[in-house]
Every structure is written in structure tokens, then in C-alpha cells.
**Q** 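There's a structure below that I have some questions on.
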Amino acid sequence: MTLRVAVLISGRGSNLQALIDACAAENFPAEIVTVLSNVPDVYGLERAGDAGIATDVVDHKAFADREAFEMALQQKLIEADIEFVCLAGFMRILTDGFVARWQGRMINIHPSLLPAFKGLHVHEQALAAGVRFSGCTVHFVIPEMDAGQIITQGVVPVLGDDTPDTLAARILEAEHRCYPAALRLIAEGRVKIEGDGVRISDATAQENILINPDDSP
Ligand code: GRF
């Protein structure tokens, strides 16, 4: 039995691609059943189509308010019999009601080492703060934005001549490894939420992801 996953996107979908590739591997314990985008014609939808995955657009602009938009989204998730939701560059804030409905069953990826640098312009924030390392975080979604129990993190160095774009690109490589790793742990039933954190059963050193992006995957 594989975990039935929906991936929610708003754009280019490189993390979606990483999840698609991971799910294609033999014995991966999750399958992407549907990809939903709130923005029409984004590249992520094409990636899903190329992989033979069902897609749908739920355009938030077509709805009177957030609740109506989320009701349509929820409907799609129910229709596809979805058990678990991965947000992958999904650029809409979700209401507490929607988040509550998917509590413990919805994760997100953020391009910083949370709890540092929440919100937007993350790489600018990291460079301005002068940190020597940054990275990405896969976490459960809770009502507070860019918070929630952390599942995996990937760490990359910040280099002296980094711009927000070069740092973002380095972190993106880490993202593409951390997101499938987190989904695998969850789909294997090895992640248990305990208060503000998670306990991962049978954790190995490998799952404490410290990434040197030059390493081969
Ligand atoms: C990623 O950097 C992710 O961490 C953030 O939005 C970006 C999405 O990129 N939440 P992509 O659409 O997966 O390429």
C-alpha cells in the first residue's frame, strides 16, 4: 500500500519533479495521485503531465474568498482520495480551518534553516544576517506560517561571493534531496509528531541530512 499524495504548486515545480522522480523508484512508499495548481499554465503542471499524473487548476482568482477557494481545493483532494498533501512552492496562505483539516497530513518545504528566516526574500535575509550556513527545511504545516514540526533539513555553506540567486540555487539542490527523504520517512510510518518536534524511528546518521551539494545523490 502506497501513501496517496497530492502535490500543491504555484510555479516551476522543481521540488515536484524531485518528488515525481523519487516516487518513480521501485518500492517508494508514496505515489503522487494528483497535482493541483492555483495558477494556470505553470511549468509544474507540464512536469506532472509528462509523468502521466493527473493535474487540475484551482485558480484562486475565480473565487470570492479564501474559504471558497479552499472548499474547491478540498473537493479535489477528496475526489482523488488523497491521504497526504505536499506543498511545493504553493504560494497561497491557507486558513486555519484548512490547515486543521490536514493537520499531521500536510508538509511544506521552505528554503531556509527554520526557525531562521521565515516569509519571503529568504536568501536576502540570510545574506544580510551574515550566516555561514543556510539550507532548507521540510516541516509539517501548522496555522503559523513557516513554523511546524521539522522533519528534515539540508545544510549548505554560504559563500563569500554569494548573491541571493546563487545561494537559492545551492539550496534548491538540497531541497530536491530533503523533500523526497521526508516523504519517504513519513510514508514508511516512521515519523511521529511529539509536541513541537517529531520522533523518527530507526533514524540513521544518513537521515540527519547534512548536504554538501557536490556529493553525488
Ligand atoms: C522552493 O524554493 C521552495 O522551498 C519554496 O518555493 C520554491 C519552489 O520552487 N517554498 P519549485 O517550484 O519547487 O521549483
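We count ligands from 1, going down the list as the structure has it; atoms in each ligand are counted the same way. Values below: every heavy atom of this structure, side chains too, minus hydrogens, waters and symmetry copies. We number each residue from 1, following the sequence as shown.
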**Q** Please determine whether a side-chain nitrogen of the Lys or Arg among K118 and E144 lies less than 4.0 Å from a carboxylate oxygen of the Asp or Glu.
**A**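 So K118 pairs with E144 through a salt bridge.
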**Q** Testing the basics here: between V58 and F69, what is the closest heavy-atom pair and its distance to 0.1 Å?
**A** O-CE1, 3.1 Å
**Q** Would one find more than 12 heavy atoms of other residues, nucleotides or ligands at under 6.0 Å from atom CD of Q103?
**A** no
**Q** Suppose I only count heavy atoms of R12 and a 4.0 Å limit; which atoms of ligand 1 are within that range?
**A** 9 (O), 11 (P), 12 (O), 14 (O)
**Q** Out of R66, R101, M106, which residue meets the side-chain contact (heavy atoms from CB on, under 4.5 Å) rule with L94?
**A**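 That would be M106.
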**Q** Nearest heavy atom to atom 10 (N) of ligand 1: which of L16, I109, I9, L19 does it belong to?
**A** I109
**Q** If hydrogens are left out, which of S10, G89, S14 has an atom nearest to atom 11 (P) of ligand 1, that is, the closest non-hydrogen atom?
**A**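 Looking at heavy atoms only, the winner is S14.
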**Q** How far is atom 13 (O) of ligand 1 from its nearest protein heavy atom, and which residue and atom name does that atom have?
**A**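 Ranked first by proximity to atom 13 (O) of ligand 1 is N15 N, 2.8 Å.
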**Q** Does atom CG of D65 have more than 12 heavy-atom neighbours, drawn from other residues, nucleotides or ligands, at distances under 6.0 Å?
**A** yes
**Q** To the nearest 0.1 Å, how far is atom 3 (C) of ligand 1 from its closest protein heavy atom, and which atom is that?
**A**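 Answer, as residue, atom name and distance: E175 OE1, 3.1 Å.
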**Q** Out of P111, C136, G11, G13, who gets a non-hydrogen atom closest to atom 12 (O) of ligand 1?
**A** G13
